[in-house]
There are 2 protein chains.
Amino acid sequence: MLVSTRGRYGLRSMVDIAINATTGPVPLRAIAERQGISESYLEQVFALLRKAGLVKAVRGSYGGYVLTRPPDNITVGEIIHALEGPLVSVNCVTEGKEVSCDKKDTCHTQFFWKKLTDQINEVLSSTTLQDLVGQDL
Amino acid sequence: MLVSTRGRYGLRSMVDIAINATTGPVPLRAIAERQGISESYLEQVFALLRKAGLVKAVRGSYGGYVLTRPPDNITVGEIIHALEGPLVSVNCVTEGKEVSCDKKDTCHTQFFWKKLTDQINEVLSSTTLQDLVGQDL
DNA sequence: ATTAAACCCTAGTAACATGGTAGGATTACC
DNA sequence: GGTAATCCTACCATGTTACTAGGGTTTAAT
C-alpha cells in the first residue's frame, strides 16, 4: 500500500506552483525540469488536477497552470483525492455509498476500517498547501 | 489506494480464529465457509501470516491454524503489515531504510508524508485483535 | 494399513493498475 | 506565421491482484 507517483508528483507540483506562480502561470516545462519529472507524464497528472478544479490552465504561449484558490484554501486531501481516489478505503466504509457487504451485521473489522479511514482523512483535510510551502527545510 | 482483499480477508480470518479457537485448531475449510472466501485463496493468505509468525499450523486430520499469541498481544498493524507490506509509505519515509531521493533538501512534501505515515501507524499499532473481537456489534 | 482431513507448494491466468512514451491537435501571444 | 504552450488519445511494458487448479505431504482416526 503505497502512494503512487501520481500522488507524489502531483503534490510536489502543486507546491511548486504555489511557490513559483508569482510571475504568472507556471508551465509544465518548468515544473518538469525543477522536479525531474517527464513533461508528458505530468500532463496526465494535471489533467486530473484540472478536472478536480484545483488548477486552471492558461493555453498558448506564456501560458501554464495557476491555482484556482489561494494555497491556504487547498487541502492536501483534495489533491491526493483527485489523484489517487479515496485513501485507504475498504468498500464497506467508502464515503457515502453503502456498498454493504452481506456480512455487515457480523463483521468485527468494519469499525476498525472506519476508524483508520477517519484518522487518515483528519490529517489530509487539516493540512493545506500553504502548510507545506511555508515550512522550514 | 485501497486495502486489498488479502488484507481484509486476513484480518477477518484472524478475528475468526480468535473467536472459534476454543475447541482446538481452526481449519481453513471452516473459515472459508463462515467468511465466504475461497479456501485455496485463503491458503495463500495464511502462508503470509505463517511466515510472519502470527499463526501456527497444525497439520494432519483435525488440524488447522492457531494464533501464536493471545489476541490482546497481536496488533492489527502486524497483520496488515504481513499481508500488505508497509502501509502508505512513500519511499523517502519508508521505515529505517533511507531511500533518499536526491531532492531531499528541497522537498516540501516529505514532512507531510511522514506525519501521515506516523498517524496511520499509530492507529495500527494501538489496536489489537482483542479490541475487534470484544466489540459490540 | 488405509483413508481422509488437513496443510503445503507451485504454476497459471484474466483483468486491471502503474508509469510511462509518442504524436498530433488546439490555442494564443508575438 | 511562428512558437510556446496546453490538450487529447493511443499505445506499451511491467507488475499486481485475485483468483483457480492440481498435486504433494503430514497426521489422526478407523
Side-chain angles (χ1 to χ4, degrees), chain A residues 1-13 17 20-21 23-33 35-52 54-68 80 83-87 89-91 101, chain B residues 1-13 17 20-21 23-33 35-52 54-68 80 83-87 89-91 101:
Chain A
M1 281 264 332
L2 55 114
V3 173
S4 73
T5 55
R6 272 207 309 281
R8 286 180 282 134
Y9 289 179
L11 185 55
R12 267 163 64 196
S13 298
I17 294 182
N20 296 104
T23 58
V26 182
L28 288 190
R29 182 75 172 276
I31 300 176
E33 261 173 34
Q35 303 292 333
I37 303 169
S38 132
E39 193 179 337
S40 52
Y41 188 47
L42 266 190
E43 282 182 6
Q44 292 169 58
V45 172
F46 272 81
L48 295 171
L49 293 172
R50 190 165 41 82
K51 270 172 204 153
L54 297 172
V55 295
K56 200 176 54 179
V58 179
R59 300 183 68 162
S61 192
Y62 283 76
Y65 285 95
V66 290
L67 302 179
T68 54
I80 301 300
L83 298 168
E84 306 259 341
L87 215 52
S89 80
V90 194
N91 294 356
C101 67
Chain B
M1 279 261 338
L2 54 115
V3 173
S4 73
T5 55
R6 271 208 309 280
R8 285 180 282 135
Y9 289 178
L11 185 56
R12 268 163 65 194
S13 298
I17 294 181
N20 296 104
T23 58
V26 182
L28 288 191
R29 182 74 171 276
I31 300 177
E33 262 174 35
Q35 303 294 332
I37 303 170
S38 132
E39 193 178 338
S40 54
Y41 189 48
L42 266 190
E43 283 182 2
Q44 293 167 56
V45 172
F46 272 80
L48 295 171
L49 292 171
R50 189 163 42 79
K51 271 173 203 154
L54 296 172
V55 296
K56 199 175 55 181
V58 180
R59 301 183 68 161
S61 194
Y62 282 75
Y65 285 95
V66 290
L67 304 179
T68 53
I80 300 300
L83 298 168
E84 305 258 342
L87 214 52
S89 79
V90 194
N91 294 355
C101 67

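All heavy atoms count here, side chains included; hydrogens, waters and symmetry mates do not. All chains are named by letter (A, B, ...) in the order of the sequence lines, taking the proteins before the strands, and each is independently numbered beginning at 1.
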* Can you find a donor-acceptor pair, distance only, under 3.5 Å between B:Arg59 side chain and D:dT27 base? -> no
* How many Å lie between NZ on B:Lys56 and P on C:dC8, as a whole number? -> 12 Å
* **Residue met sooner reading DNA chain D from 5', once A:Tyr62 and A:Lys51 are mapped to nucleotides** => A:Tyr62
* Asked: Considering all heavy atoms of both residues, which atom of B:Arg6 and which atom of B:Leu48 are nearest to each other, and what is their separation?
  -> CD-CD1, 3.7 Å
* Asked: Between A:Glu84 (side chain) and A:Ser4 (backbone), is there a donor-acceptor pair under 3.5 Å?
  -> yes
* Structure fact -> Here the distance between atom P of C:dA6 and atom CD of B:Glu33, to the nearest Å, is 10 Å
* To do: Kindly give the heavy-atom pair with the smallest separation between B:Ile17 and B:Val66, and that separation in Å.
  => CG2-CA, 4.5 Å
* **Heavy-atom closest pair, residues B:Pro25 and B:Tyr62** => CG-O, 4.2 Å
* Structure fact -> Between CD1 of B:Ile17 and C1' of C:dA6 the distance, given in whole Å, is 14 Å
* Give a yes or no answer on whether the side chain of B:Arg50 reaches the backbone of B:Ala57 with a donor-acceptor pair at less than 3.5 Å. => no
* Return the value, rounded to whole Å, for the distance between atom CZ of A:Arg50 and atom C1' of C:dT26. => 13 Å
* Structure fact -> Rounded to whole Å, the CG-P distance (B:Leu48 to C:dC8) equals 13 Å
* Hey, does the side chain of B:Arg29 come within less than 4.0 Å of C:dA4's phosphate (OP1/OP2), counting only N and O? -> no
* Using atom CG of A:Leu28 as one end and atom P of C:dT21 as the other, report the distance to the nearest whole Å. => 14 Å
Report all interatomic pairs (protein N or O, nucleotide N or O of nucleotides 16-21 of chain D) with separations under 3.5 Å.
from	atom 1	to	atom 2	distance (Å)
D:dT17	OP2	B:Arg6	NH2	3.2
D:dA18	OP2	B:Thr5	N	3.2
D:dA18	OP2	B:Thr5	OG1	2.9
D:dA18	O5'	B:Thr5	OG1	3.1
D:dC19	OP2	B:Tyr9	OH	3.2
D:dC19	N4	B:Gln44	OE1	3.1
D:dT20	OP2	B:Ser38	OG	2.7
D:dT20	O4	B:Gln44	NE2	2.7

* **Within-4.5 Å side-chain heavy-atom neighbours: B:Ile31 and B:Ile37** => no
